[in-house]
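Here's the structure we're looking at; comments come further down.
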Amino acid sequence: APAEQSLLHAEDHPADWLTHGRTYSEQRYSPLAQITPQTISRLHLAWHYDLASNRGQEATPLVKDGVLYTSTAWSRVKALDAATGKVLWAFDPKVDGTYGVRGCCDVVNRGLAYWNGKLYLGTFDNRLIALDAKTGKPVWSVNTIPADADLGKQKAYTITGAPRVAKGRVLIGNGGAEFGARGFLSAYDAETGKLDWRFFTVPNPQNKPDNAPSDAVLMKTAYKTWGAKGAWVRQGGGGTVWDSIVYDPVTDLVYFGTGNGSPWNYGLRSEGKGDNLFLNSIIAVRPETGDYVWHFQETPKDHWDYTATQQIMTLDLPIEGQMRHVIVHAPKNGFFYVLDAKTGAFLSGKNFVYVNWASGLDPKTGYPLFNPDALYSQTGKMFHIFPGDMGAHGIAAMAYSPRTKLVYLPVQQVPDFLKAAKTFEPHPDGWNLGLDVEANDKMPTLKEQQDQAKDLAGWLVAWDPVQQKEIWRIPQPGPANGGVVATAGDLVFQGLTNGFFHAYRAQDGKDLFSFDAQTGIIASPISYMAHGRQYIAVLAGWGGSYGLNASGLARQKTGSINRSRVLAFALDGTDTLPPAVDPPTPALPPPATFDQKQALAGSRQFAIYCQFCHGANVEGTGVLPDLRHSAAIQDKDAFYSIVGEGALSQFGMDRFDKSMTPAEIETLRHFIIERAHQTLPAQTPAHAP
Ligand SMILES: O=C(O)c1cc(C(=O)O)c2c(n1)C(=O)C(=O)c1cc(C(=O)O)[nH]c1-2
Ligand SMILES: [Ca+2]
């Protein structure tokens, strides 16, 4: 089919960006070379397009025949003239605002797929929608969640990832393992939207068949790694396929990465059996049938949210004198893996950042050599873990240049403190990790926070995947930076959370270009050609997991206000951004009083239901309202109408009267007032709304 040919030969369309990682190999390398270290002094903003949203922007746009297609926060879609930024059409799937709380990490969307005149969009409320690429009109729409998945209470599915298309099938998974979810990957007929197959990543809780291609391997191999009881039976086990899905025409296999266990704590999750299949794994299946071919589990005994969902890239590399077709993978756990793409065999693995949960990998099998202290459900003690749950590498795409033979990898350090709960108490509409939430009762002092902040770091690392060795690293102002694109102009482009967009020389990382985007950048750039000019485009807009739940630690002097835009750069560009006007300095905390006992009780409710969006310890990061400044905390009824009854639900603030009693909701108010009194005077000034 012609559609198939165009994606198989995406390499031969240097002007376009036809699929999420540009080609099926997902190397994110553009063969365009107008912009080089020699010409870069002429690089300027060519156009910008303002997005009507103040939530995190993570999409990688697609470009075909002079049109740039992108998804945005809240699963909206824009088609823009790639040379001018003029809007051609827009589509809004109208996701209900109350869905906002069902995702762990902001209402983001990472991109679209294109195939045969249609675009494919996964929505935050789990629809897969085919749009006519010319008009933006829906062609078909399906609900991707099976009928027996209990939505909204114990389990909470969302789609944030980009679909991929292979052999006439649209492939999509979902997120939700922090709440409770059973992961799967579904394949739909690209023309009709009919479900073709669905591969579940963890067993059926009764070890029954699901009438799915995963049945045999789950019942025979995977089930015994879980145990019959354990919290997974109720929670779904996790293993969500929330980001990377790749079709490899060389092996004719589909690879996808699976997420963490649900709940995190395997002592409670699976009766202390930790090597639960297929959590934190790469799985290979046949594109036509979904039949299982191989798997490789990167993080057995997952306790740490060490998802293997990060970008899967295929490469041909000389290994011990022989060319091998391999998968290279840098998951959250901090190790860089090289696997044989056809068999999944472990070829090598090396840590690319400081890790303290394992001392290395078994050189034959790749099985981690665990630090026993990291197995916190077994020790019963708090563990200060590197990397933390954000991972050493998160949603930011990496890129490979065949010219330098290096992988350019956005690396971060955000350590975490983890302590196991003794019993599992699921909270509908809350995160359900099996962790000791009471550890949050003791608020960190300013000094403790400053000590913690010293460990926060981000780097761009150039990694030699053959030698498994770092060639250079550029320190950056902090973690959670955007992804990268590498070009034949020997440049690597990347936006940072502090709101600046950079170009680095591919050979040595020399910083050659910097642009003030006025907001943190967490998305991954692309390069394309329109009317004979090379463009670099990126979505700007602070948010995502770090942007929502990392507390005041994530706030920066620049970048921590969301100004969502599409930015496109070209040689001799003449556009400029309007001056950034910061919101007025927020009012001082209201003179409200609080009761210490109620505040303590409220701290627990806050840790369960609120902190992941509004920031730990009620310290906002700049994306969502900082509740310490909220006028509503002065009035019991006003507060209840928002938190209990959903007065702000259309903006993404769900109602919680089914999760908490009115008395519990009132304890939250006391806690927030207490935090307002105790933290605001001391905190470093930042651009928080
Ligand atoms: O376990 C899951 O189902 C799941 C889903 C998602 C998501 O869909 O965004 C993230 C994560 N986990 C996660 O662990 C994580 O660090 C993360 C970061 C982000 C983001 O968009 O910034 N999403 C997610
Ligand atoms: Ca997760």
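Computed over heavy atoms, backbone and side chain alike; hydrogens, waters and symmetry mates excluded.
Remark: D252 pairs with K167 by the salt bridge (Lys or Arg N to Asp or Glu O under 4.0 Å) rule, at least two apart or across chains. Here W264 pairs with nothing under the ring pair (Phe, Tyr, Trp, His ring centres under 6.0 Å) rule; sequence neighbours left out.
With W74 contributing its side chain and P93 its backbone, the two residues share no donor-acceptor pair below 3.5 Å. Judged purely by atom type and a 3.5 angstrom limit, W294 uses its side chain to pair as donor or acceptor with the backbone of A341. Listed for the N174 side chain is no donor-acceptor partner under 3.5 Å among the backbone atoms of I145.
Between P263 and N432, the shortest heavy-atom distance links the atoms CB-O, 3.4 Å. Considering all non-hydrogen atoms of both residues, I245 and I172 come closest at CD1-CA, 4.0 Å. Heavy atoms only, all atoms of each residue included: W542 and T621 are closest at NE1-O, 3.6 Å. Contact between D16 and R22 at its shortest, heavy atoms only, is O-NH1, 3.7 Å. W17 and H20 make their closest contact through NE1-O, 3.2 Å (heavy atoms, listed as atom of the first residue, atom of the second, distance). Residues N109 and S71 come closest through the heavy atom pair OD1-OG, 2.7 Å.
With rounding to the nearest 0.5 Å, the separation of CZ in F179 from SG in C104 is 6.5 Å. Summarising the geometry, atom CZ belonging to R565 is positioned 14.5 Å from atom OG1 belonging to T72; distances are rounded to the nearest 0.5 Å. For the atom pair CG of L433 and CZ of R269, the computed distance is 11.0 Å after rounding to the nearest 0.5 Å. Here L185 contributes atom CG and L171 contributes atom CG; the two are 5.5 Å apart, rounded to the nearest 0.5 Å.
Salt-bridge formation is not detected for the pair D196/K194: no Lys NZ or Arg NE/NH1/NH2 atom is positioned less than 4.0 Å from an Asp or Glu carboxylate oxygen. For the pair R286 and D291, the salt-bridge criterion is not met [side-chain N within less than 4.0 Å of a carboxylate O]. Looking at R655 and D657, a side-chain N of the basic residue comes within less than 4.0 Å of a carboxylate O on the acidic one, giving a salt bridge. No salt bridge links R169 with E288; every basic N to acidic carboxylate O contact stays at or beyond 4.0 Å.
Applying salt bridge (Lys or Arg N to Asp or Glu O under 4.0 Å) to K332 and the options D416, D305, D389 leaves one that passes, D305.
The side-chain heavy atoms of F91 and I129, taken from C-beta on, include a pair separated by under 4.5 Å.
A ring-centre distance under 6.0 Å is not found for Y29 and Y400. Proximity of the aromatic rings of H329 and Y337 is defined here by a centroid distance below 6.0 angstrom, and this criterion is not met.
For N562 and Q57, the side-chain atoms include no donor-acceptor pair closer than 3.5 Å. Under the 3.5 Å distance criterion, with hydrogens and angles disregarded, no donor-acceptor pair is assigned to the side chains of T60 and R110. A donor-acceptor contact under 3.5 angstrom links the side chains of S270 and N276, judged on distance only. No hydrogens or angles considered: a donor-acceptor pair under 3.5 Å links the side chains of N204 and D210.
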Self-check item: Verdict with reasoning, N481 to T497, per side chain to side chain donor-acceptor pair (under 3.5 Å)
Solution: CA-CA 5 Å; N481 298 301; T497 39; 3.3 Å; yes

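Using cut-offs of 30° and 60° for the angle between ring planes, the Y247 and Y24 rings count as perpendicular. The aromatic rings of Y99 and F124 sit perpendicular, their planes meeting at an angle over 60°, well past the 30° parallel limit. Taking the six-membered ring where the residue is Trp, F278 and F199 present tilted rings, their angle falling between 30° and 60°.
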